[in-house]
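Okay, structure first, notes after.
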Amino acid sequence: MTTNNESLFVRAQRTIPGGVNSPVRAFKAVGGTPRFLVRGEGSRVFDAEGFAYIDYVCSWGPLVAGHAQPYVVAAVREAAGLGLSFGAPTEAEIEMAELLCKLVPSLEMVRLVSSGTEATMSALRVARGFTGRAAIVKFEGCYHGHADGLLVKAGSGALTLGQPSSAGVPAETAAHTLVLTYNDCNELEATFGAKGDSIAAVIFEPVAGNMNLVRPSQEFVKLARDLCTRHGAVLIFDEVMTGFRVGLSGAQGLYGVRPDLTTLGKVIGGGMPLAAFGGRRDIMGCIAPLGPVYQAGTLSGNPVAVAAGLATLKLVQAPGFYERLSSTTNALTEGLARTARKHDVAFSAQSVGGMFGIYFRTQPPTSYAEVMQCDKNAFNRFFHAMLERGVYFAPSAYEAGFVSSAHGEAEIAATLGAADESFAETRR
Ligand code: HOZ
């Protein structure tokens, strides 16, 4: 049998549920065959059939400096040559912790883990251990990984597959999760009024990126901070996606708000499995071996992953890095909106730093309910038309897109050319 995307997908489905190791990759929402990728270079990925695509997924965010960035790859090679894993402390972990604390001022202590799911799950456990309370507040459409208590009205793949609340989560576990509406200040205030003393933590994505991209209002972010302070609850910013994506100090730097705990992932591993959670010293002091909250991991702080992360974080500290990234991303979203207008398509787009949202709706949404008003079928048609023209967007209307520093004017021009044809072809 010839090796092509189709035959690989058929083969994958025999031994891997749905043929993929993470649900959104299966193209179920958009239909068709997932591209099996062979390699990446800069702004582009190449599939099993040799087709090249300008990549706006960037491994779902981590590759802020592009694919196979030579400096990052060299750091990985060097670290790998010294040993793949020790399960013992290394100096590079201290370097990473010190750097994170320096760049994100709300971090006084951090612990390294291997995935964003682990980071958020552990941050919540610490918040509960610290406060002695059980309830947590999350917001509809926000995704914080796939730990049980967080898979309630979640975004990302859960939303894409129409299962925002997962089977297999005991009702008793979900009962401690209060789900509110993103950007709804009145509801948040009323919830604290009624249950403030039992709330351990409020967790949210300070720019939501798992129900497409949704910005919070400044008022909403400030209110969450004030209510948590007043009621002794822990404010957790899930910056797994926004950390080092929207700016050097994350979304908290943009909003000027200091959360009690922050979760990080994606960019801090530069494409390798690395994540972190951290924040106030008194809260982090509750973690074993200092305190009674248990958390551990064989591969936590893995030396190869830390090397990739340190190299990536070195690149993003170059003067003007985020200005250039933001301006490229903005050129993309403004160009797409302009092109859609030319074809009279109901469309809008926006970006924050190196992440963006595109919406088949005239205004960017501000809540999950508004995200649901986007024309999903129009997105799916556009997605396939672009893919055929060598542009790879996330295969779901509910995911944010990502630009890297390897994307430049040539990529934006080629993307807008493809969009011109795609809007013309798919508009109804
Ligand atoms: N949950 C990720 C997007 N928000 C998708 C991860 C993947 O499929 O690799």
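Residues: numbered from 1 along the sequence shown. Fair warning: this is a prediction, and the values are worked out from it, not measured in the lab. Atoms within a ligand are numbered from 1 in the order they appear, just like the ligands themselves.
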Proximal ligand 1 atoms for R25, defined as those under 4.0 Å from one of its heavy atoms: 7 (C), 8 (O), 9 (O)
If you count the atoms of ligand 1 from 1 in the order shown, which ones are under 4.0 Å from a heavy atom of E399?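 Those qualifying, in numeric order: 3 (C), 4 (N).
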Around [atom], find the nearest protein heavy atom and jot down its residue, atom name and distance.
atom	result
atom 5 (C) of ligand 1	W60 CD2, 3.8 Å
atom 1 (N) of ligand 1	S156 OG, 3.0 Å
atom 4 (N) of ligand 1	N210 OD1, 2.7 Å

Above 12 or not: heavy atoms from other molecules or residues under 6.0 Å from CZ of F51?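 No - once you tally the heavy atoms of other residues, nucleotides and ligands closer than 6.0 Å, there are 12 at most.
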Can you tell me how the ring of F356 sits relative to the ring of F393, calling it parallel under 30°, perpendicular over 60° and tilted otherwise?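 Because their plane-to-plane angle is over 60°, the rings of F356 and F393 count as perpendicular.
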I would like to know whether I268 and F244 meet side-chain contact (heavy atoms from CB on, under 4.5 Å); could you show each step before the answer? CA-CA 7 Å; I268 69 160; F244 301 100; 3.6 Å; yes
Does a donor on one side chain and an acceptor on the other come within less than 3.5 Å for E370 and T366?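 Result is yes, a qualifying pair exists.
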For atom 8 (O) of ligand 1, which of the options G145, P23, S22, P395 provides the nearest non-hydrogen atom? S22
Before we go on, tell me: are the rings of F237 and F204 under 6.0 Å apart, centre to centre? yes
